[in-house]
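Presented below is the structure to which this report refers.
Everything numeric here is computed off the predicted structure, so don't read it as measured data.
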Amino acid sequence: MTPPRRRYATDLTDREWALLAPLIPAPKPGGRPAVHDRRELVNAMLYLVRAGCAWRLLPHDFPPWQSVYHYWRIWRREGRWERVLARLREQERLRQGRHPTPTPTPSAVVLDSQSVKTTEKGGRTASTVPRS
């Protein structure tokens, strides 16, 4: 049996996993049994997102980077992450006593209308002089 790996700051707590686990697909029945725990795959993905590192730089105490990338890619293509975010958003809105919305409609908008100066003079005087 493999000793438990050390915990990373990006790892899901038991409470967070309890919310997320029903949204992550279980291994398909039949065929080979799953080699890697779904929670460990998600923890590895969260580590990559937070660290911003390359797939190949994933620490060795996570499942192999090829396996993590394989599941990330499948779940991204099938829209799994969008559905996870939508479900978690609904749960949070209900927890706050708000109406769960089926589509992500913002409840607030921030606009920034800052102007940026390019030169003091502007016009033709700001351009470079042609060489002769």
Side-chain angles (χ1 to χ4, degrees):
M1 182 173 182
T2 308
R5 69 171 176 79
R6 73 169 216 225
R7 190 178 181 326
Y8 290 97
T10 55
D11 284 356
L12 293 167
T13 63
D14 291 339
R15 187 169 171 230
E16 291 169 336
W17 179 243
L19 288 172
L20 199 57
L23 307 174
I24 301 298
K28 293 180 182 176
R32 288 190 304 162
V35 177
H36 305 292
D37 181 47
R38 294 296 195 246
R39 184 173 181 171
E40 281 300 296
L41 291 168
V42 173
N43 281 335
M45 293 173 199
L46 293 173
Y47 179 90
L48 283 163
V49 169
R50 180 69 176 113
C53 66
W55 288 101
R56 292 173 190 259
L57 296 178
L58 187 66
H60 294 288
D61 48 356
F62 282 121
W65 72 266
Q66 297 94 331
S67 299
V68 177
Y69 177 74
H70 171 77
Y71 285 101
W72 174 82
R73 189 168 171 242
I74 288 172
W75 295 345
R76 181 182 54 92
R77 281 186 172 179
E78 69 184 26
R80 172 80 45 195
W81 297 119
E82 286 80 10
R83 290 195 302 275
V84 165
L85 290 173
R87 178 70 59 85
L88 293 175
R89 184 185 316 108
E90 287 175 7
Q91 289 176 0
E92 178 60 18
R93 290 179 64 89
L94 286 172
R95 190 186 69 76
Q96 293 177 2
R98 298 166 67 189
H99 184 274
T101 54
T103 59
T105 54
S107 56
V109 175
V110 176
L111 295 176
D112 184 4
S113 61
Q114 178 182 0
S115 297
V116 178
K117 287 186 176 182
T118 56
T119 68
E120 291 287 327
K121 297 180 181 180
R124 294 184 57 87
T125 57
S127 59
T128 41
V129 178
R131 295 183 183 182
S132 24

Check R95 with E92, please: is the shortest side-chain N to carboxylate O separation under 4.0 Å?
yes
Verify the neighbour count for atom CZ of R87: are there more than 12 heavy atoms of other residues, nucleotides or ligands below 6.0 Å?
no
Show the nearest heavy-atom pair for residues [X] and [Y], with the distance to one decimal.
X: P100; Y: R93; value: CA-NE, 4.1 Å
X: A44; Y: L58; value: O-CD1, 3.9 Å
X: A34; Y: R38; value: CB-NH1, 4.5 Å
X: M45; Y: W81; value: SD-CZ2, 3.4 Å

Are [X] and [Y] side-chain neighbours, meaning at least one heavy-atom pair lies under 4.5 Å?
X: D11; Y: L46; value: no
X: T10; Y: L48; value: no
X: R83; Y: W75; value: no
X: L20; Y: E16; value: no
X: R73; Y: R76; value: yes
X: W72; Y: V49; value: no
X: R7; Y: T13; value: yes

Please list all pairs passing the salt bridge (charged side-chain N to carboxylate O under 4.0 Å, His left out) test where one or both residues lie in residues 39-62, with sequence neighbours left out.
R5-E40, D14-R39
Please check if L88 and L94 belong to a single hydrophobic cluster, counting links between Ile, Leu, Val, Met, Phe, Trp and Tyr side chain heavy atoms closer than 4.5 Å.
no
Ring pair (Phe, Tyr, Trp, His ring centres under 6.0 Å) partner of W55, chosen from Y71, W65, Y47, Y69
Y69
Say you draw a straight line from NE2 of H36 to CG of N43; how long is it, rounded to the nearest 0.5 Å?
14.0 Å
Can you name the one residue among V42, L23, L19 that meets side chain to side chain contact (heavy atoms under 4.5 Å, CB included) with V84?
L23
